[in-house]
*Asks:* 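One structure coming up, written as structure tokens, with questions to follow.
Throughout, a chain's letter reflects where its sequence line sits, starting with A, and its residues are numbered from 1.
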Number of protein chains: 4
Amino acid sequence: MRELQLQVRPGTAAFSKGQQRVLKILQSARDLMIAGGYHNLTMRKVAAEAGISVGNLSYYYPNKEHLLRDLLDQVIESYMWEFDKIKEEAGVGPEQQFVAIIRFIIDDLGTQETTNFFPELWALSNHDSHAAERMDALYIKARLVLNELIEVLNPSLNEPEREQLALFISASMEGLTPFAGFNKPWESKRDNIANIAAISFLNLVKTIRNEDIDQLR
Amino acid sequence: MRELQLQVRPGTAAFSKGQQRVLKILQSARDLMIAGGYHNLTMRKVAAEAGISVGNLSYYYPNKEHLLRDLLDQVIESYMWEFDKIKEEAGVGPEQQFVAIIRFIIDDLGTQETTNFFPELWALSNHDSHAAERMDALYIKARLVLNELIEVLNPSLNEPEREQLALFISASMEGLTPFAGFNKPWESKRDNIANIAAISFLNLVKTIRNEDIDQLR
Amino acid sequence: MRELQLQVRPGTAAFSKGQQRVLKILQSARDLMIAGGYHNLTMRKVAAEAGISVGNLSYYYPNKEHLLRDLLDQVIESYMWEFDKIKEEAGVGPEQQFVAIIRFIIDDLGTQETTNFFPELWALSNHDSHAAERMDALYIKARLVLNELIEVLNPSLNEPEREQLALFISASMEGLTPFAGFNKPWESKRDNIANIAAISFLNLVKTIRNEDIDQLR
Amino acid sequence: MRELQLQVRPGTAAFSKGQQRVLKILQSARDLMIAGGYHNLTMRKVAAEAGISVGNLSYYYPNKEHLLRDLLDQVIESYMWEFDKIKEEAGVGPEQQFVAIIRFIIDDLGTQETTNFFPELWALSNHDSHAAERMDALYIKARLVLNELIEVLNPSLNEPEREQLALFISASMEGLTPFAGFNKPWESKRDNIANIAAISFLNLVKTIRNEDIDQLR
DNA sequence: AATGAATGAGCGTTCATTCAT
DNA sequence: TATGAATGAACGCTCATTCAT
């Protein structure tokens with residue numbers, strides 16, 4: 001896991017104590033965001049949640065934008081780290097590995113953190129370019145794993161085609177979040193839906209032909 | 001299209017002038033929400049956008065919650081109305097109709113309104129039960145159209161299976177919004193992605209067997 | 001009971017219907033004042049309570065001050081009317097009549113209206129000259145009844161002495177309101193306190209000598 | 001004088017500077033209340049009077065209710081402190097002491113503060129339970145002084161009788177406020193009225209018999 | 001590294017009042 | 001007479017931010 005480049009005020013968080021503080025701040029911010037959305041993320045509440053004063057918070061983060069960036073970066077980084085782990089996980093064959101990834105992602109979207117954090121991120125990315133940029137980086141990484149497996153499963157596809165396929169598969173799974181995520185109406189059917197997803201995506205990857213993608217409408 | 005039940009203060013918007021005002025208010029609110037997210041939706045800004053005073057705005061809407069409800073209801077209603085239209089649209093056969101719907105929905109997610117409004121709705125629904133409720137109602141309607149076609153395309157599926165299939169397909173398309181929507185990185189590939197979606201979903205519906213869905217993991 | 005000179009807009013409340021409206025308005029205002037104090041008396045609430053529009057309320061009362069005046073006048077007038085009745089009530093002798101009045105007043109201060117209305121009036125009179133003026137007129141009338149009986153009970157007192165005695169007696173009883181009035185801590189002892197008051201005031205009136213009042217300190 | 005437990009936001013007014021500010025705030029609030037009644041007591045006006053910003057005011061007082069409580073507590077505490085002083089004041093004998101207290105209280109009600117503050121408190125206590133509670137505590141203390149002297153002046157009375165007597169006497173004096181207080185019609189006769197009160201109350205206490213109080217009507 | 005103190009703008013909401021119809 | 005519509009100021013309160021210590 002690469003070291004996060006914190007957006008804290010320069011000269012700050014130099015020693016262990018300060019670094020601990022920053023971690024506590026970011027965790028508090030994350031908790032507030034998950035519990036009440038970006039709407040609920042205020043400097044005062046973050047400070048209170050972290051058990052420090054507003055003044056002290058702004059010693060580390062001179063303004064809200066910097067804090068938000070670090071918050072997004074940190075959370076996104078943790079998801080990226082999970083994608084790194086996925087790759088390392090031994091799978092007997094490419095098909096089993098592919099299905100395992102599908103299952104892993106759809107499982108994960110059932111956690112409260114994922115269910116609540118990502119819609120905020122998507123909404124944020126519509127009005128905040130940094131959020132958009134970081135979100136983009138995250139999903140590029142997510143698709144990379146899929147891309148490599150697609151290449152093995154269907155060698156006839158070229159790179160752009162693989163990318164578009166990965167995009168479709170990744171976005172499809174993300175789309176399940178507001179419907180089958182934590183506390184959502186279809187939560188109890190998430191496993192069934194994961195079955196559908198797995199069989200559908202695997203079949204898609206193995207059978208699709210170049211002309212299916214680039215056909216004119 | 002059924003008449004919207006406005007949440008305005010009783011006795012208000014009784015005549016044409018007031019109704020026009022409420023319409024203008026709702027349109028202003030919608031515009032602000034799309035342009036800057038829920039975060040940007042304040043009573044003052046809505047009033048300014050609608051060209052009226054804050055006092056006058058709260059003459060119609062006693063509080064922000066009522067305004068938000070009407071805003072959500074109105075936008076959601078307009079999407080529901082589109083789904084009604086889809087059904088009426090003559091399609092030569094069930095396959096063509098099915099593909100047409102896929103294409104219609106993915107096309108629509110490329111509009112600025114859809115791209116920006118829905119992530120706000122999903123985020124909102126995590127913390128606002130009314131938003132969750134209305135969102136649910138909208139997607140139930142969206143899936144109904146799919147459901148009916150699935151029944152024709154694959155008569156061997158039972159009702160719960162069809163519903164889960166429709167949920168997967170609908171959610172998958174929604175998931176494309178933050179990636180291939182208006183001004184999004186994959187905007188230019190939206191048509192290709194629609195091709196993938198169409199072929200994938202059609203194949204899924206036609207070939208899936210009961211045991212594929214309910215299999216134990 | 002003399003006709004109240006209403007402070008309504010000239011030309012208004014000319015006919016029976018309008019007069020009924022004004023009565024309803026004043027009663028609504030009185031109810032609000034008693035229920036929530038002057039603090040709770042707003043034009044909007046009065047209009048709502050009276051079942052009319054704000055616009056219509058201001059047709060009768062061009063501003064809040066006029067309404068307040070009529071409200072005070074009306075309530076005060078009703079108390080004045082009671083004092084007129086007291087005098088007419090046959091009492092066998094002056095002592096019994098005197099005691100009856102004491103009892104009547106202390107009984108009355110146990111009603112919710114009296115308990116809640118008068119402290120508002122006293123507070124108002126500190127900052128509103130019209131309230132002060134009307135309040136003065138009311139208590140002049142109240143003391144008049146006492147004054148006449150004092151003259152009979154103790155003929156040796158001159159007019160100023162009688163007035164000061166009446167003032168003391170009247171004010172003493174008023175002072176019981178916040179302590180032994182409706183829902184107040186000593187409510188259940190009101191009768192006992194009335195006994196004390198009666199015996200104390202009667203003895204005072206009968207035994208006080210001129211020099212007791214005007215003595216230098 | 002016991003230390004007041006301030007209702008300020010925790011962590012606030014920890015040092016001298018903050019404590020001075022809170023004192024200034026409370027004094028400003030008191031001044032506004034006396035000058036214009038509770039109706040005139042707004043957070044903005046208090047802030048302006050204290051020479052600080054609204055934000056800074058609400059840094060100390062999270063809401064108006066807390067400020068009002070501290071205001072009432074502070075003023076009431078200062079009166080309580082006076083009652084403590086009264087007791088300590090050496091008086092030659094119980095009669096002289098009793099009369100001195102009567103005179104002291106009636107004198108005090110001639111100050112602008114007392115004349116204007118108490119009616120507001122009585123009115124407030126009808127709609128605010130904390131105000132009612134604090135007011136009750138104040139008068140309990142006021143009656144205690146009277147109670148002890150009554151016991152000496154008339155040993156034949158039992159405790160409940162003494163309490164009712166003290167209540168009657170205390171309330172009677174309070175009742176003079178709106179009539180003989182600061183700037184009131186009978187202001188110039190306050191001394192005469194105090195004479196009447198003194199002679200009347202003393203006579204009452206010395207001559208009343210148990211059966212006078214508890215007699216059935 | 002941390003605090004208490006402070007500001008000024010903005011929030012959602014209510015107010016008394018006005019006015020055309 | 002009566003209404004719906006409208007304003008502009010003020011309400012209590014929270015915000016991001018700044019700063020001296």
*Asks:* For the residue pair D:Ile52 and D:Arg21, what are the closest heavy atoms and their distance?
*Replies:*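 Residues D:Ile52 and D:Arg21, closest heavy atoms: CG2-NE, 3.2 Å.
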
*Asks:* Quick one: label D:Gly18 by what it contacts on the DNA or RNA (base, sugar-phosphate, nothing), any heavy atom closer than 4.0 Å.
*Replies:*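 The residue D:Gly18 makes sugar-phosphate contact but no base contact.
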
*Asks:* Under 4.0 Å from OP1 or OP2 of F:dA2: is there any side-chain N or O of C:Tyr60 that close?
*Replies:*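 Yes, C:Tyr60 has a side-chain N/O under 4.0 Å of OP1/OP2 on F:dA2.
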
*Asks:* Looking for any heavy atom pair under 4.0 Å, which part of the strands does B:Thr42 touch: base, sugar-phosphate only, or nothing?
*Replies:*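 Sugar-phosphate contact only.
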
*Asks:* Could you state the atom-to-atom distance from CG of B:Asn56 to P of F:dA9 in whole Å?
*Replies:*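 Atom-to-atom, B:Asn56 to F:dA9, this comes out as 15 Å.
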
*Asks:* Which of these nucleotides, F:dG4, E:dA1, E:dG4, is closest to any side-chain atom of A:Tyr59?
*Replies:*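 Minimum distance to the A:Tyr59 side chain belongs to E:dA1.
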
*Asks:* Find which nucleotide of DNA chain F each of A:Asn63 and B:Ser16 is nearest to by heavy atoms, and output the residue with the more 5' nucleotide.
*Replies:*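 Comparing both residues, the 5'-ward one is B:Ser16.
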
*Asks:* Taking atom P of F:dG4 as reference, at what distance in whole Å does atom CD1 of B:Ile52 sit?
*Replies:*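 Answer to the nearest Å: 17 Å.
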
*Asks:* Is any side-chain N or O of C:Lys17 closer than 4.0 Å to OP1 or OP2 of F:dA2?
*Replies:*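 C:Lys17 to F:dA2 OP1/OP2: side-chain N or O found under 4.0 Å.
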
*Asks:* What nucleic acid atoms does C:Thr12 come within less than 4.0 Å of, heavy atoms only: base, sugar-phosphate, or nothing?
*Replies:*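 The answer is nothing, as C:Thr12 stays clear of every strand by at least 4.0 Å.
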
*Asks:* D:Phe117: which residues meet the ring pair (Phe, Tyr, Trp, His ring centres under 6.0 Å) condition with it, sequence neighbours left out?
*Replies:*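 D:Phe117 satisfies ring pair (Phe, Tyr, Trp, His ring centres under 6.0 Å) with no other residue.
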
*Asks:* For the side chain of B:Lys64, starting at C-beta, report the closest nucleotide among F:dT3, E:dT13, F:dA16.
*Replies:*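 That would be E:dT13.
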
*Asks:* Who is the Watson-Crick or G-U wobble partner of F:dC13, with both distances under 3.5 Å?
*Replies:*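 With both distances under 3.5 Å, F:dC13 matches E:dG10.
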
*Asks:* Looking at B:Arg9 and B:Ser58, would you say the former's side chain and the latter's main chain have a donor-acceptor pair under 3.5 Å?
*Replies:*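 Yes.
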
*Asks:* To the nearest Å, how far apart are B:Gln20 CD and F:dG4 P?
*Replies:*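 Computing the B:Gln20:CD to F:dG4:P distance gives 18 Å.
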
*Asks:* Return yes if the base of F:dA16 and the side-chain atoms of A:Arg44 contain a donor-acceptor N/O pair under 3.5 Å, otherwise no.
*Replies:*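 Yes, a donor-acceptor pair under 3.5 Å.
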
*Asks:* Find which nucleotide of DNA chain F each of D:Pro62 and A:Val54 is nearest to by heavy atoms, and output the residue with the more 5' nucleotide.
*Replies:*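 Nearer the 5' end of the strand: D:Pro62.
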
*Asks:* Take the protein atom CG of A:Leu32 and the nucleotide atom C1' of F:dC15, then report the distance between them rounded to whole Å.
*Replies:*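 Spelled out: CG on A:Leu32 to C1' on F:dC15 is 15 Å.
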
*Asks:* CG of D:Leu67 versus C1' of F:dG12: gap in Å, rounded?
*Replies:*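 Rounded to whole Å, this separation is 12 Å.
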
*Asks:* Rounded to whole Å, how long is the line connecting atom CE of C:Met43 with atom P of F:dT7?
*Replies:*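 About 20 Å, once rounded to whole Å.
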
*Asks:* Tell me whether the NZ or CZ atom of D:Lys24 lies within the 45° cone about the ring axis of D:Tyr60 and under 6.0 Å from its centre.
*Replies:*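 D:Lys24 over D:Tyr60 ring: no.
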
*Asks:* On DNA chain E, check which nucleotide each of B:Glu65 and D:Ser53 is closest to and give me the residue with the more 5' one.
*Replies:*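 It is D:Ser53 whose nearest nucleotide is closer to the 5' end.
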
*Asks:* Starting at CE of C:Met43, measure out to CG of C:Leu68 and round the result to the nearest 0.5 Å.
*Replies:*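 Rounded to the nearest 0.5 Å, the CE-CG separation comes out at 10.5 Å.
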
*Asks:* For the pair made of CG in A:Leu41 and P in F:dT17, what is the distance, rounded to whole Å?
*Replies:*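 It works out to 12 Å between those atoms.
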
*Asks:* Which residue, A:Leu57 or C:Lys45, contacts DNA chain E at a nucleotide closer to its 5' end, judged by nearest heavy atom?
*Replies:*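 The answer here is A:Leu57.
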
*Asks:* To the nearest 0.5 angstrom, please state how far the NE2 atom of B:His130 sits from the CG atom of B:Asp73.
*Replies:*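 Going from the NE2 atom of B:His130 to the CG atom of B:Asp73 covers 4.5 Å.
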
*Asks:* Picking from F:dT17, E:dT14, F:dT14, which would you name as closest to the side chain of B:Ser58?
*Replies:*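 Looking only at heavy atoms from C-beta outward on B:Ser58, the closest nucleotide is E:dT14.
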
*Asks:* To the nearest Å, how far apart are D:Phe15 CZ and F:dC19 P?
*Replies:*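 Atom CZ in D:Phe15 sits about 21 Å away from atom P in F:dC19.
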
*Asks:* Looking across every strand, which nucleic acid part, if any, lies under 4.0 Å from C:Ala47 by heavy atom: base, sugar-phosphate, or nothing?
*Replies:*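 Nothing, no heavy atom under 4.0 Å.
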
*Asks:* Quick one: is D:Arg21 getting a side-chain N or O under 4.0 Å of the E:dA6 phosphate, OP1 or OP2?
*Replies:*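 Yes, such a contact exists.
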
*Asks:* Name the pairing partner of F:dT21, where a pair is Watson-Crick or G-U wobble with both distances under 3.5 Å, or state none.
*Replies:*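 Paired with F:dT21, as far as the under-3.5 Å criterion goes, is E:dA2.
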
